[in-house]
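Read through the structure below, which is laid out as structure tokens, and then see the notes.
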2 protein chains.
Amino acid sequence: MAEKVTIATVARRARVSRQTVSNVLNAPHIVREETRERVREAISALGYRANQAARQMRTGRSRLIAVRIEPTRDGVNGSVLDRFLHGLTEAAEAAGYRVMLYTAPDSRSEIGAYDSLLGAYDLDAFVLTGTEHDDARAAWLTERNVPFVTFGRPWDDPAQTRSLGRAAVPSPHPWVDVNGADGVAQATRRLLDTGHRRIGFVGWPTGSGVGDDRRSGWADTLRSAGLDPTGLDRAAPDGFAQGEAAARDLLAGAEPPTAIVCASDSLALGALQAVPGPGDSAAGSDHRSPVAVTGFDDTPVAQAIGLTSVSQPLAQAAACCVDLLADVLDGGRRGGPVGSRRSDPAAGGPGQVLLRPSLVVRQSG
Amino acid sequence: MAEKVTIATVARRARVSRQTVSNVLNAPHIVREETRERVREAISALGYRANQAARQMRTGRSRLIAVRIEPTRDGVNGSVLDRFLHGLTEAAEAAGYRVMLYTAPDSRSEIGAYDSLLGAYDLDAFVLTGTEHDDARAAWLTERNVPFVTFGRPWDDPAQTRSLGRAAVPSPHPWVDVNGADGVAQATRRLLDTGHRRIGFVGWPTGSGVGDDRRSGWADTLRSAGLDPTGLDRAAPDGFAQGEAAARDLLAGAEPPTAIVCASDSLALGALQAVPGPGDSAAGSDHRSPVAVTGFDDTPVAQAIGLTSVSQPLAQAAACCVDLLADVLDGGRRGGPVGSRRSDPAAGGPGQVLLRPSLVVRQSG
DNA sequence: TTGTATGCGTTATCAA
DNA sequence: TTGATAACGCATACAA
């Protein structure tokens, strides 16, 4: 066990005061070049590393970012969080932060978790995933002035908010999101381009921001192509079996769609079971399904079975989250090589980034 | 922003000294009951929570456990880490610890990460996943007396270790693992029970501890049933395409197997593509594949497509990891309601837990 | 530009 | 059983 090397050790070795060492660390520009070099040399020679606990006690900042790890929901989409987390950890490290995990069975208890986490650990910020309508978590954190960023837009219903009277409009907060409507539109447009005219949609029931957004991408694309989406969509909770049932229902109609766009890979996987497979067709080993199916999230399942799917730039989204947090935490005096990612440079408010997903075309569509 | 409530605030309110408050927190038994109650009341009335940073500075312990989040490897198996992480976070919270994430592109740089993490954050312990032969990370941590537990057995080659001379035998460390051989044996035995006699195996090339372990479960089971496994196994790196190729090769033989056991869901998914599907058979909609295929890990993919697979008790494994760490960190004076999980109570060494996986039977086999 | 003194909130040592 | 005092490592106001 090596001797503990503190700022005093470094100071002795570099024959300066502790304060000078501290200055080299926190405000290098005010130290004379020669001294600075000597101190730096001592630092690396001794392998000195600042003690976070002591620093935190003094500054009140922990350089810790908390993010909730959810229980794997339906399973198929679980890896999305996984990839996001990895990106987040990597980006945080680069910015000098660390990621701390916490769990909560639901949003209500999540707020309770904030309280104890903040009390004990002086967390610098939170990353919230999966925003809901009028998210109570965002409100709680805003109210207490706790920095946070959400991966997911705030899906506040403007009408409802307005009806609350007063200035109930939630103050804007930094967020990063992926344009789901755009992704679904890409998928739909590609189907149109390849000749499909009757394109169905299987998505989640109305009410979830994410789901409604994705559905609109499909409907709007059809409309701008002069097609009527009416009757061509089905609502189903996320899940394999639900997707299969919805697709079956869609295909049972008088004029069944020749392609189905789904709001998730889980639904798409189910839908794939419902469409007549290549084996049932007369032709031999043509792997192309007569009914094209596309999913959303480009999960490992999609990669494995050759499902065309919309891929979210998760690593980039995570990096944006960290950037936005760093903007707030480090007082905007960052500005490294990351480039400006603000989607709306005109607005003076907090950064809000909407990323564009990409379509990964595979055999299924 | 509520006033900062420290141990001094509590002391004032309870009209005791700060030390007494500290005692109530850390050594309740030495405080008179009446005083203790008064202090406890003040604590909850004020909503006091101990400041981790200050505590850490004094005790040198952070109550932080670090675990590496790997980049999603081949994808399909990614969710395993996800579920393990969730279990770990939950168990750690219950034991009063927190989980901190870090990344590293490979094992070599992972050791570098230890160094800086330990220097800056005074981490209490590490959880290592995916142990390798003669794991350098374990050696490094052992040498520096850093507490850690591995999820995965140490796969040290006894012969090689011995040949190094000296006492090169690595000192044992706490580990938790799932008995892969047992899991594959369960799958194989079930196939035998359902009448299969020619059962193939598709696994990873010899050399990986995990892979060899799983293969042995298959081979041993066949042998104890009086069958000869020779020629019935194929080695392939993990992956969908690799699994398909290996299975195809296996099925191309003169006497092709009627069932294939795979070392992973990725391989199994590939193998499924290689076997004649139900659609190719004469009979109608019998969903049962003529060639049974089983996977390993019970990933979401398996759940979605109905692949029989071996399921690891990840939440339990994670809980065991935390228990073992707590044993070390809290000096063995734990012993809550978790029950003794030591697999070898006779050995005085560090706890080592081998858990039994379970077979999830679905349509594919 | 560099050095000195002080305090962050907690726990450990020791005396009362 | 309780209370006073010191110390953990760092950063900051202030003096030199």
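Chain naming here is simple, since letters A, B, ... match the order of the sequence lines and numbering starts at 1 in each. Worth saying up front: this structure is predicted, and the values here are computed from it rather than measured.
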### Task
Test side chain to side chain contact (heavy atoms under 4.5 Å, CB included) on B/Val21 and B/Val16 and set out the steps.
CA-CA 7 Å; B/Val21 178; B/Val16 295; 3.8 Å; yes
### Message
Which residues pass the side chain to side chain donor-acceptor pair (under 3.5 Å) test with A/Glu37, not counting sequence neighbours?
### Response
none
Give the rounded distance in Å between these two atoms: [atom1] of [X] and [atom2] of [N].
X	N	atom1	atom2	answer
B/Arg18	C/dT13	CZ	P	17 Å
B/Arg61	C/dA12	CZ	C1'	15 Å
B/Leu25	C/dT10	CG	P	8 Å
B/Arg49	C/dT10	CZ	C1'	17 Å
B/Met57	C/dT11	CE	C1'	11 Å

### Message
Regarding C/dT11, can its base be found pairing with the side chain of B/Arg58 as donor and acceptor, where the two atoms are less than 3.5 Å apart?
### Response
yes
### Query
Are any of the side-chain nitrogens in A/Asp106 or A/Arg108 under 4.0 Å away from the carboxylate oxygens of its partner?
no
### Query
Which residues in residues 26-44 of chain B have at least one heavy atom lying under 4.0 Å from any atom of DNA chain C?
B/Asn26
### Task
Check DNA chain C against residues 115-126 of chain A and give the residues with a non-hydrogen atom under 4.0 Å, in numerical order.
none
Sequence neighbours left out, what passes salt bridge (charged side-chain N to carboxylate O under 4.0 Å, His left out) with [X]? Give chain and number order.
X	value
A/Arg68	A/Glu110
B/Arg12	none
A/Arg98	A/Glu93

### Task
Compare side-chain N and O positions of A/Thr20 against OP1 and OP2 of C/dT1 and report whether any pair is under 4.0 Å apart.
no
### Task
State, to 0.1 Å, how close B/Thr6 and B/Thr9 come at their nearest heavy-atom pair, and which atoms those are.
N-OG1, 2.9 Å
### Query
What pair of heavy atoms forms the shortest contact from B/Val176 to B/Ala317, and how long is it?
CG1-O, 3.7 Å
Could you list all N or O pairs between the protein and nucleotides 14-16 of chain C that sit under 3.5 Å apart?
none

### Task
Could you please spell out the steps behind the side chain to side chain contact (heavy atoms under 4.5 Å, CB included) verdict for B/Leu101 and B/Leu85?
CA-CA 10 Å; B/Leu101 257 30; B/Leu85 271 187; 4.3 Å; yes
[X] side chain, from C-beta outward: closest of [options]:
X	options	value
A/Val16	C/dG3, C/dT11, C/dG9	C/dG3
B/Gln19	C/dT13, C/dG3, C/dG9	C/dT13
B/Ser22	C/dT11, C/dT10, C/dG3	C/dT11
B/Ile7	C/dT10, C/dG9, C/dG3	C/dT10

### Query
Is the A/Phe151-A/Trp175 ring centre distance short of 6.0 angstrom?
no
### Query
Any chance the side chains of A/Thr20 and A/Asn23 put a donor and an acceptor closer than 3.5 Å?
no
### Query
Do B/His86 and A/Thr103 have a side chain donor and acceptor closer than 3.5 Å?
no
Side chains of residues 118-129 of chain A: which donor-acceptor pairs under 3.5 Å do they make with residues two or more places apart or in other chains?
from, atom 1, to, atom 2, distance (Å)
A/Asp124, OD1, A/Ser62, N, 2.9
A/Asp124, OD1, A/Ser62, OG, 3.4
A/Asp124, OD2, A/Arg63, N, 2.8
A/Thr129, OG1, A/Glu70, OE2, 3.2

### Task
Spell out, as yes or no, whether a donor-acceptor pair under 3.5 Å connects the side chain of A/Ser109 to the backbone of A/Ala104.
no
#### Entry: Check: B/Asp115 side chain, B/Gly112 main-chain N or O, donor-acceptor pair, under 3.5 Å
no
### Query
Among all residues two or more places apart in sequence or in another chain, which pass the side chain to side chain contact (heavy atoms under 4.5 Å, CB included) test with B/Arg13?
B/Ala42, B/Ala45, B/Leu46
### Task
Have a look at B/Ala50 and say if it touches a base, only the backbone sugar-phosphate, or nothing, with a 4.0 Å heavy-atom cut-off.
sugar-phosphate
### Summary
the helix from C/dT1-D/dA16 to C/dA16-D/dT1: angle between terminal helix axes, five bp per end, to the nearest 10 degrees, reads 40°
### Task
Walk along DNA chain D from 5' to 3' and tell me the first and last nucleotide with an atom closer than 4.0 Å to a non-hydrogen atom of chain A.
D/dG9 to D/dA13
Please tabulate, for side-chain N and O atoms in residues 24-35 of chain A, each donor-acceptor pair with protein atoms closer than 3.5 Å (sequence neighbours left out).
from, atom 1, to, atom 2, distance (Å)
A/Asn26, ND2, A/Ser22, O, 3.1
A/Asn26, ND2, A/Ser22, OG, 3.3

